[in-house]
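Index from 1, following the sequence. None of these values were measured; they are calculated from a predicted model.
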Amino acid sequence: MDLAYIPSPSTGVINLGPVPLRGYAFCIIIGVFVAVWYGNRRWIVRGGTAGTVADIAVWAVPFGLVGGRLYHVVTDYQLYFSEGRNWVDAFKIWEGGLGIWGAVALGAVGAWIGCRRRGIPLPAYADAIAPGIALAQAIGRWGNWFNQELYGRPTDLPWALRISEGVNREGGLYHPTFLYESLWCVGVALLVVWADRRFTLGHGRAFALYVAAYCAGRGWIEYMRVDDAHHILGLRLNVWTAMLVFLLAVAYIVVSARKRPGREAVVEPARKAAPAGGEAAADGPAAGNGADGKGAEGADGADGKASEGADGKAVGGKGSEGPGTGADADGADAGAEASPKR
């Protein structure tokens with residue numbers, strides 16, 4: 001008798017009248033919202049504008065969903081195109097089947113389009129959303145729990161996952177690989193946040209760290225899974241993919257740190273230009289008032305017209321010659337340049 005295990009839900013769908021509410025879809029949606037919300041916070045700290053992350057996500061998320069589904073269908077084509085299978089099932093994304101490799105790759109293309117439209121460097125955007133993507137994966141993995149899929153080998157550990165009998169699955173107790181990966185992704189998010197603060201990562205290195213750390217965990221977790229997969233030299237395809245992508249991510253960190261050390265000073269050029277214009281507009285009326293002699297009149301409350309005129313002339317001369325306004329402008333420019341470096 002098994003005294004301790006993680007139960008699986010009896011169903012992954014709740015029907016609200018004619019509308020099916022699927023646990024897998026809810027996990028994906030919640031994960032996207034968390035990634036955008038946290039990415040927006042990090043983007044503002046880096047000197048960006050609120051709402052920019054969401055605007056670019058409008059491009060990145062659909063591309064990512066398509067890429068994730070394409071990768072799954074291509075690498076597991078036998079599930080949809082072999083004898084006795086229905087190819088229409090390839091479009092049933094709500095039944096599960098998203099490859100993270102394809103989701104990140106094609107999602108990056110969508111993000112690049114969004115960044116290009118706003119004049120934003122893609123590496124800076126990727127650094128801001130990296131931990132949020134890891135958290136989104138942590139939440140999205142619970143969709144596998146609702147669908148009772150992608151579990152590991154049989155085990156009698158106290159945290160074993162109870163799988164019920166069903167189509168293409170045998171009931172029993174298995175390693176909850178969905179839980180292992182979910183917890184690993186939370187750890188990856190924390191690692192990226194810590195490293196970003198400690199080493200001031202920039203130019204895409206925070207994102208590369210996320211990729212490398214995720215691949216390190218995905219390799220051993222993938223090795224535990226028992227679902228059907230293609231094998232190369234005795235290893236599952238995704239294990240090879242994790243090792244290859246890990247090496248590429250580490251290489252990027254090393255090369256990028258040598259060629260472009262430090263972090264971007266400005267991540268959103270439009271935001272830098274706005275304060276400079278505002279300060280210039282504010283300086284203009286002040287200079288005009290100085291030329292008219294009104295500043296001296298209000299400050300001193302001079303008794304004689306000669307004194308008032310003299311004061312006005314002094315201020316006016318200063319405004320027309322430029323030393324006073326020039327200093328103000330220099331200060332405004334310095335403030336505008338320093339602000340995005342927070």
Side-chain angles (χ1 to χ4, degrees), residues 2-10 12 23-24 27-28 31 68-69 71-79 93 95-105 133-192 209-250:
D2 300 311
L3 298 178
Y5 59 85
I6 301 173
S8 291
S10 57
Y24 185 90
C27 291
I28 298 297
R69 188 60 175 177
Y71 181 89
H72 167 72
V73 171
V74 170
T75 56
D76 290 308
Y77 61 87
Q78 72 280 358
L79 299 177
I93 191 173
E95 293 183 354
L98 288 174
I100 185 62
W101 316 112
V104 172
I133 294 177
L135 293 177
Q137 288 179 251
I139 297 171
R141 271 303 174 195
W142 284 85
N144 302 135
W145 178 66
F146 280 103
N147 287 352
Q148 297 195 48
E149 60 185 4
L150 306 185
Y151 42 85
R153 303 188 189 101
T155 183
D156 57 358
L157 291 171
W159 56 84
L161 175 65
R162 167 71 74 179
I163 296 295
S164 60
E165 291 285 344
V167 180
N168 298 325
R169 68 172 184 253
E170 182 180 346
L173 296 176
Y174 299 89
H175 277 285
T177 49
F178 85 90
L179 179 60
Y180 298 160
E181 186 166 335
S182 179
L183 294 175
W184 183 270
C185 286
V186 172
V188 169
L190 294 175
L191 172 65
V192 173
L209 176 61
Y210 144 71
V211 172
Y214 171 75
C215 290
R218 178 60 184 268
W220 66 265
I221 295 172
E222 181 75 22
Y223 187 75
M224 299 178 64
R225 282 168 44 174
V226 295
D227 52 298
D228 292 334
H230 295 288
H231 288 71
I232 301 175
L233 299 178
L235 292 178
R236 294 166 65 96
L237 174 62
N238 281 335
V239 175
W240 287 106
T241 304
M243 289 191 293
L244 175 62
V245 176
F246 172 83
L247 293 175
L248 292 175
V250 172

| request: With rounding to the nearest 0.5 Å, note down the distance linking CH2 in Trp145 to CG in Leu150. | output: 15.0 Å
| field | For the student: nearest non-hydrogen atoms of Ala138 and Ser182, plus distance | value | O-OG, 2.8 Å
| query | Please walk me through it: do His231 and Leu237 pass side chain to side chain contact (heavy atoms under 4.5 Å, CB included)? | reply | CA-CA 5 Å; His231 288 71; Leu237 174 62; over 6 Å; no
| field | Sidechain-backbone polar pair: Trp184 side chain, Ala213 backbone, donor-acceptor under 3.5 Å | value | yes
| request: For Ala249 and Val211, work out which heavy atoms get closest and say how close. | output: CB-CG1, 3.9 Å
| Trp142 side chain to Phe178 main-chain N or O, any donor-acceptor pair under 3.5 Å? | no
| Distance only, no hydrogens: is a donor on one side chain within 3.5 Å (strictly under) of an acceptor on the other, for Gln137 and Tyr210? | yes
| request: Flag yes if more than 12 heavy atoms outside Gln78 fall under 6.0 Å of its CD atom; otherwise flag no. | output: yes
| field | Nearest heavy-atom neighbours spanning Gln148 and Arg162 | value | OE1-O, 4.3 Å
| CZ/Arg169 to OG/Ser164 distance, rounded to the nearest 0.5 angstrom? | 4.5 Å
| message | For the backbone of Thr155 and the side chain of His175, can you confirm whether one donor and one acceptor N or O come within less than 3.5 Å of each other? | response | no
| Okay, side chain of Glu165, backbone of Gly171: is any donor-acceptor separation there less than 3.5 Å? | yes
| Any sub-3.5 Å donor-acceptor pair from Ser8's side-chain atoms to Leu161's backbone N or O? | no
| query | Quick one: SG on Cys215 to CH2 on Trp220, what's the gap to the nearest 0.5 Å? | reply | 14.5 Å
| query | Is there a side-chain contact between His230 and Tyr77, using heavy atoms and a 4.5 Å cut-off? | reply | yes
| Note, Tyr214 side chain near Val245 side chain (heavy atom, < 4.5 Å) | no
| message | Please determine whether side chain to side chain contact (heavy atoms under 4.5 Å, CB included) holds for the pair Glu222 and Thr241, giving the CA-CA distance in whole Å, both sets of side-chain angles, and the decisive distance to 0.1 Å. | response | CA-CA 11 Å; Glu222 181 75 22; Thr241 304; over 6 Å; no
| field | Step-by-step side chain to side chain contact (heavy atoms under 4.5 Å, CB included) determination, Asp76 to Asp228 | value | CA-CA 8 Å; Asp76 290 308; Asp228 292 334; 5.9 Å; no
| query | Parallel, tilted or perpendicular: which describes the rings of Tyr174 and Tyr151, with under 30° parallel and over 60° perpendicular? | reply | tilted
| task | Give the minimum heavy-atom separation between Gly31 and Ile139, together with the two atoms involved. | result | N-CG2, 4.0 Å
| N/O donor-acceptor pair under 3.5 Å between Trp101 side chain and Tyr71 backbone | no
| request: Locate the shortest heavy-atom distance separating Pro9 from Phe146; write the atom from each residue and the value. | output: CG-CA, 3.7 Å
| Heavy-atom count around Tyr223 OH within 6.0 Å, excluding the residue itself: above 12? | no
| query | Quick one: CZ on Arg218 to CD1 on Ile100, what's the gap to the nearest 0.5 Å? | reply | 8.0 Å
| request: Report the C-alpha separation of Leu98 and His72 in whole Å, then their side-chain angles, then the decisive distance to 0.1 Å, and conclude whether the side chain to side chain contact (heavy atoms under 4.5 Å, CB included) test is met. | output: CA-CA 6 Å; Leu98 288 174; His72 167 72; 5.9 Å; no
| Distance (rounded to the nearest 0.5 Å) between Asp156 CG and Leu173 CG | 8.0 Å
| Measuring from Glu149:CD to Asp227:CG, what's the distance to the nearest 0.5 Å? | 8.5 Å
| Which atom pair, heavy atoms only, marks the closest approach of Ile6 to Trp159? | CD1-O, 3.3 Å
